[in-house]
Amino acid sequence: VEGIVKDISERKRAEEALRKAHDELALRVHERTEHLELQIAQTDAAQSALRESEERLHKIMDTAADGIITIDDKGVIESFNAAAEDMFCYESKEVLGKKVNMLMPAPHQKQHGKSISNYLRSGEAKIIGIGREVEGLRKDGSIFPMDLAISNLRLGSKNVFTGIVRDITERKNAEEAVASTNQLLNDAIESITDGFALVDADERFILCNRNYVEYNKDIAEFIVPGRPFIEQVRAAARVGLFLPTKGREAEWVEERMKR
């Protein structure tokens with residue numbers, strides 16, 4: 001009987017130990033499950049916030065008036081917004097993963113890769129952070145002028161380069177039209193056989209032809225765009241370019257400017 005009682009007591013202790021181990025394990029599993037559920041919830045929240053952030057960024061990029069292109073340190077295109085698609089006549093899926101120099105005419109294609117390599121090696125920003133006029137190459141092979149500004153962002157060990165581009169074809173055409181008009185005006189003025197000068201509403205000297213300069217070479221220092229025209233008249237009176245004014249220069253100048 002004593003042996004039976006001892007055996008039952010040992011079994012009870014073993015059962016109690018097993019029950020405690022089971023309860024402790026269940027508690028740990030419960031705690032671990034709660035921790036994992038919290039981690040999953042936090043991960044889901046972070047991923048949701050990341051997706052929302054990416055969506056906002058894409059919307060901002062795709063509603064931007066300027067073309068926005070991002071590339072890695074190998075010159076491979078990583079993003080290409082809607083304005084860039086319109087500008088270069090490519091869909092983003094046609095350029096993503098390809099070298100950005102496909103958007104440049106020769107000889108800029110080779111120079112671009114060297115510029116990035118030189119910057120990464122030396123840190124010398126010959127093109128980074130500097131706006132400049134360059135040429136772009138459309139899908140159809142046509143070349144157009146554009147403004148380009150490049151910035152560099154370091155994400156951990158990765159370099160990301162962002163290019164903001166603007167088609168300036170209309171501006172360049174307008175500049176050429178103005179230059180052409182100015183040349184026509186200049187040719188017309190130079191064709192006048194007499195001396196010719198033009199002043200603005202505030203009587204400031206604007207321009208003249210070569211004959212005017214030749215006739216007034218004694219007062220050449222006063223023939224400067226933007227200076228009051230009366231300075232030329234006074235100087236001319238002082239040096240006697242107008243002979244009838246001898247002795248009455250101030251009066252003559254006053255009368256002259258009233259005409």
Side-chain angles (χ1 to χ4, degrees), residues 40 42-180:
I40 292 171
Q42 290 175 338
T43 300
D44 288 343
Q47 290 177 341
S48 177
L50 178 60
R51 284 193 298 270
E52 290 179 2
S53 178
E54 289 176 343
E55 288 176 3
R56 284 196 299 270
L57 178 60
H58 289 154
K59 287 179 180 179
I60 291 172
M61 288 183 64
D62 283 337
T63 55
D66 294 331
I68 303 175
I69 305 168
T70 61
I71 63 173
D72 64 14
D73 54 10
K74 303 297 183 184
V76 176
I77 299 173
E78 295 186 336
S79 69
F80 198 74
N81 76 339
E85 290 182 325
D86 293 339
M87 196 176 305
F88 292 93
C89 303
Y90 282 104
E91 293 184 18
S92 61
K93 63 183 179 182
E94 296 179 275
V95 300
L96 295 180
K98 297 181 180 179
K99 293 281 191 176
V100 72
N101 59 10
M102 68 181 291
L103 306 176
M104 307 171 190
H108 305 298
Q109 293 180 345
K110 294 182 179 180
Q111 294 175 350
H112 183 267
K114 292 179 180 179
S115 296
I116 292 180
S117 299
N118 290 338
Y119 172 74
L120 294 174
R121 184 179 63 256
S122 66
E124 185 177 354
K126 291 185 177 180
I127 61 172
I128 308 301
I130 302 172
R132 59 199 181 112
E133 288 187 10
V134 297
E135 291 181 328
L137 179 65
R138 295 190 181 96
K139 183 178 180 179
D140 62 6
S142 60
I143 297 172
F144 66 99
M146 65 182 190
D147 276 337
L148 169 65
I150 302 176
S151 60
N152 172 231
L153 175 65
R154 191 167 182 82
L155 299 175
S157 59
K158 181 179 180 180
N159 278 289
V160 177
F161 296 89
T162 301
I164 299 178
V165 293
R166 175 176 297 177
D167 187 338
I168 57 172
T169 301
E170 291 186 4
R171 191 184 82 193
K172 299 298 286 186
N173 289 342
E175 290 174 354
E176 290 176 5
V178 169
S180 178

Does some side-chain heavy atom of Ile69 sit less than 4.5 Å from a side-chain heavy atom of Thr162?
no
Would you mind reporting whether Tyr90 and Leu103 have side-chain heavy atoms less than 4.5 Å apart?
yes
Flag, side chain of Lys172 to backbone of Met146, donor-acceptor distance under 3.5 Å:
no
Decide yes or no on side-chain contact (heavy atoms from CB on, under 4.5 Å) for Arg171 and Asp167, but give the supporting numbers first.
CA-CA 9 Å; Arg171 191 184 82 193; Asp167 187 338; over 6 Å; no
Could you state the interatomic distance from CD (Glu135) to CD1 (Ile168), rounded to the nearest 0.5 Å?
10.0 Å
When rounded to the nearest 0.5 angstrom, what is the spacing between CD1 in Ile71 and CZ in Phe161?
6.5 Å
Report, one line per pair, each donor and acceptor closer than 3.5 Å where one atom sits in a side chain of residues 77-86; sequence neighbours left out.
| residue | atom | partner | partner atom | Å |
| --- | --- | --- | --- | --- |
| Glu78 | OE2 | Lys158 | NZ | 2.9 |
| Ser79 | OG | Thr70 | OG1 | 2.4 |
| Asn81 | OD1 | Ile68 | N | 2.9 |
| Asn81 | OD1 | Ala84 | N | 3.0 |
| Asn81 | ND2 | Met61 | O | 2.7 |
| Asn81 | ND2 | Asp66 | O | 3.1 |
| Glu85 | OE2 | Ser92 | N | 2.7 |
| Glu85 | OE2 | Ser92 | OG | 3.4 |

Test side-chain hydrogen bond (donor to acceptor under 3.5 Å, both in side chains) applied to Glu94 - qualifying residues, sequence neighbours left out
Lys139
Does a side-chain heavy-atom distance below 4.5 Å link Lys74 with Lys99?
yes
Do you know which two heavy atoms are closest between Gly136 and Pro105, and how far apart they sit?
C-CD, 4.1 Å
Is it the case that more than 12 heavy atoms not belonging to Arg138 sit under 6.0 Å from its CZ atom?
yes
Could you check whether any side-chain heavy atom of Met102 comes within less than 4.5 Å of a side-chain heavy atom of Leu137, counting everything from C-beta outward?
no
Would you check, one step at a time, whether the test side-chain contact (heavy atoms from CB on, under 4.5 Å) holds for Phe88 with Val165?
CA-CA 10 Å; Phe88 292 93; Val165 293; 4.1 Å; yes
